[in-house]
Protein chains: 2
Amino acid sequence: MSITREKIIEIGEELVLTKGYNGFSYQDISTVLGIKNAAVHYYFPSKENLGTSIIKTNAQRFEEMVDNMESLNFDEWNQLESFMKLYLKSNRESKICLLGSLGTDVNTLSDPIHQELTKMVDRIISWMETLLQNGMKKGLFQFTLPARDQALRILALLIAGLQLARILNKSDFKTIYQSILEEITPKPQS
Amino acid sequence: MSITREKIIEIGEELVLTKGYNGFSYQDISTVLGIKNAAVHYYFPSKENLGTSIIKTNAQRFEEMVDNMESLNFDEWNQLESFMKLYLKSNRESKICLLGSLGTDVNTLSDPIHQELTKMVDRIISWMETLLQNGMKKGLFQFTLPARDQALRILALLIAGLQLARILNKSDFKTIYQSILEEITPKPQS
DNA sequence: TTGATTTTACTTATTAGTAAGTACATTTAC
DNA sequence: GTAAATGTACTTACTAATAAGTAAAATCAA
């Protein structure tokens with residue numbers, strides 16, 4: 001596969017995470033790569049193509065990470081923490097989450113992008129639901145809500161945590177991050 | 001004050017909440033109002049003026065609501081619930097939170113808008129912090145985190161709850177909404 | 001009739017997108 | 001083994017649409 005194509009997706013993703021889907025243009029990408037705007041259209045005829053490719057690439061990266069953690073026999077706690085650490089990295093880089101970024105612009109996205117986005121969120125939620133469920137059985141987690149609801153809460157805290165941290169202060173994300181871990185840490189019996 | 005001016009702000013806010021700051025144009029506003037693009041520029045010479053006015057109007061509405069609740073002697077529980085009900089309404093109307101919307105586009109906003117946004121988030125967080133603190137003293141709330149951290153969590157859950165609900169399903173917001181109330185409801189002593 | 005409001009008629013810049021052509025490497029035909 | 005054809009990765013040079021923004025004239029309302 002083409003290296004230029006990969007770089008376009010990479011830069012496109014970075015721009016979605018920093019400026020939002022409607023906040024960047026093909027020119028922004030071509031300028032960074034030192035090529036012409038038309039060269040970007042050569043790989044991605046329309047912005048819709050680029051948008052879906054960005055989401056698909058992201059979703060694929062997620063699946064690879066999950067597969068990798070499974071094959072390394074990560075327990076549920078470590079899997080969740082690894083996932084959450086992706087957000088710590090985003091916070092350091094002043095980026096937000098792809099889901100939160102596109103969640104803002106969802107009404108301006110064409111159907112194919114919208115569907116890809118929904119698919120990815122569904123996938124992450126159900127992955128986390130299973131993870132929480134299994135982890136609780138093992139006593140690694142403790143919570144009272146249905147596992148899917150707990151997953152929704154964790155994802156929401158991560159997504160808006162990054163957004164709030166970019167408005168306020170990076171340290172505010174760390175606060176939220178810590179609180180998530182505390183929320184599901186098993187409490188000693190009294 | 002001009003009725004047209006007020007309508008422009010109202011429609012502008014609606015557009016920010018549905019399509020994002022970079023997803024709408026003056027043309028979108030003027031078309032709805034049946035006036036010309038230039039008439040919008042008469043009231044708001046630049047989009048920056050409009051953006052700051054939208055935030056200021058929103059912040060003012062918040063202050064009025066707080067004042068009103070105080071004068072009606074709402075207890076802390078009812079004040080928090082009233083605030084949260086604003087988000088229930090947004091969810092019904094498939095709108096997201098102003099803070100979440102602008103949080104995505106923050107890097108593309110000019111300084112005055114950015115500052116207004118930061119001011120508003122600071123204000124809401126510190127209002128909720130005080131509310132939680134006082135409510136806990138009265139036994140209306142129960143939580144273990146520092147009040148500001150708890151406020152950050154609640155705001156984050158509300159903001160991303162709306163975003164996720166727009167991608168997934170409206171009912172997912174209600175789930176998160178309920179979980180917030182449960183999170184701070186005093187537990188009976190054992 | 002004065003000032004507030006709005007339209008007309010622009011400008012300039014940027015957007016996504018396209019059509020035609022170029023350079024160069026690879027394959028195919030003889 | 002060489003020449004012709006083909007494919008890849010672009011550039012050049014556009015278009016059509018839309019963006020924000022402006023100046024000046026027209027309209028309206030007190």
Side-chain angles (χ1 to χ4, degrees), chain A residues 1-16 18-55 57 101-102 104-114 116-117, chain B residues 1-55 57 101-102 104-114 116:
Chain A
M1 215 194 263
S2 162
I3 184 89
T4 303
R5 191 190 146 90
E6 278 170 25
K7 280 187 183 166
I8 290 171
I9 293 178
E10 188 185 321
I11 295 164
E13 179 179 328
E14 164 119 10
L15 286 166
V16 173
T18 51
K19 305 177 72 180
Y21 185 78
N22 294 317
F24 81 95
S25 71
Y26 270 34
Q27 211 66 56
D28 293 329
I29 295 175
S30 63
T31 303
V32 172
L33 285 177
I35 58 178
K36 299 297 165 184
N37 151 349
V40 183
H41 279 285
Y42 170 72
Y43 291 101
F44 303 97
S46 74
K47 206 176 173 181
E48 172 183 310
N49 301 131
L50 177 57
T52 53
S53 291
I54 289 173
I55 302 177
T57 302
S101 179
L102 296 177
T104 293
D105 297 326
V106 85
N107 290 334
T108 69
L109 304 175
S110 57
D111 263 12
I113 310 189
H114 196 304
E116 214 57 50
L117 177 61
Chain B
M1 218 198 259
S2 163
I3 184 89
T4 304
R5 190 191 147 89
E6 278 170 26
K7 280 186 182 168
I8 291 170
I9 293 178
E10 188 185 320
I11 295 164
E13 179 180 326
E14 163 121 7
L15 287 166
V16 173
L17 304 187
T18 51
K19 306 177 70 181
Y21 185 79
N22 293 317
F24 80 94
S25 71
Y26 271 34
Q27 212 62 247
D28 294 328
I29 295 175
S30 62
T31 303
V32 172
L33 284 178
I35 57 176
K36 302 294 166 185
N37 149 0
V40 182
H41 279 285
Y42 169 71
Y43 291 100
F44 303 97
S46 76
K47 206 175 173 182
E48 172 182 311
N49 300 132
L50 177 57
T52 52
S53 290
I54 289 172
I55 303 178
T57 301
S101 179
L102 296 177
T104 292
D105 297 326
V106 83
N107 290 334
T108 69
L109 305 175
S110 58
D111 263 12
I113 309 190
H114 196 307
E116 214 56 50

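We name chains A, B, ... by the order of the sequence lines, and we start the count at 1 in each one.
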d(OH, B:Y26; P, C:dT12) in whole Å = 20 Å
Close side-chain approach of A:I29 and A:I35, heavy atoms under 4.5 Å = no
When you check the phosphate oxygens OP1 and OP2 of D:dA9, does a side-chain N or O of A:T4 lie under 4.0 Å from one of them?
-> no
Heavy-atom pair with the smallest gap, counting every atom of B:L50 and B:I9 = CD1-CA, 4.4 Å
Report yes or no: do B:N49 and B:S46 form a side-chain donor-acceptor pair below 3.5 Å?
-> yes
A:E48 and A:S110: side chain donor to acceptor below 3.5 Å | yes
Donor-acceptor pair, side chain of A:N107 and main chain of B:T18, under 3.5 angstrom = yes
Hey, does the side chain of B:S25 come within less than 4.0 Å of D:dT18's phosphate (OP1/OP2), counting only N and O?
-> no
Shortest non-hydrogen contact between A:E116 and A:T52, atoms and distance | CG-O, 4.3 Å
Which angle, to the nearest 10 degrees, lies between the helix axes at the two ends of the helix from C:dT1-D:dA30 to C:dC30-D:dG1, each defined by five pairs?
-> 30°
Tell me yes or no: between the side chains of A:T104 and B:D105, is some donor less than 3.5 Å from an acceptor?
-> no
Within residues 9-21 of chain B, find the residues that approach DNA chain D with a heavy atom at under 4.0 Å, and present them sorted by residue number.
-> none
Whole-Å gap separating P (C:dT6) and CD1 (B:I3) | 11 Å
In numerical order, the residues of residues 33-49 of chain A whose heavy atoms come under 4.0 Å of DNA chain D are A:I35, A:K36, A:A38, A:A39, A:Y42, A:Y43
Determine yes or no for a side-chain-to-main-chain donor-acceptor pair under 3.5 angstrom, with B:T31 supplying the side chain and B:D28 the backbone.
-> no
Go through the side-chain N and O atoms of B:Y21 and B:S101 and say whether any donor and acceptor fall under 3.5 Å apart.
-> no
Measure the distance from CG on B:L50 to C1' on D:dA19 and round it to the nearest whole Å.
-> 14 Å
Can a cation-pi geometry be assigned to A:K47 and A:F24, taking NZ or CZ under 6.0 Å from the six-membered ring centre and within 45° of the ring axis?
-> yes
Tell me: CG of A:N22 to P of D:dT18, nearest whole Å?
-> 15 Å
Starting from P on D:dT8, measure out to CD1 on A:I8 and report it in whole angstrom.
-> 16 Å
Smallest heavy-atom separation, B:Y26 atom then B:F44 atom, equals OH-O, 2.9 Å
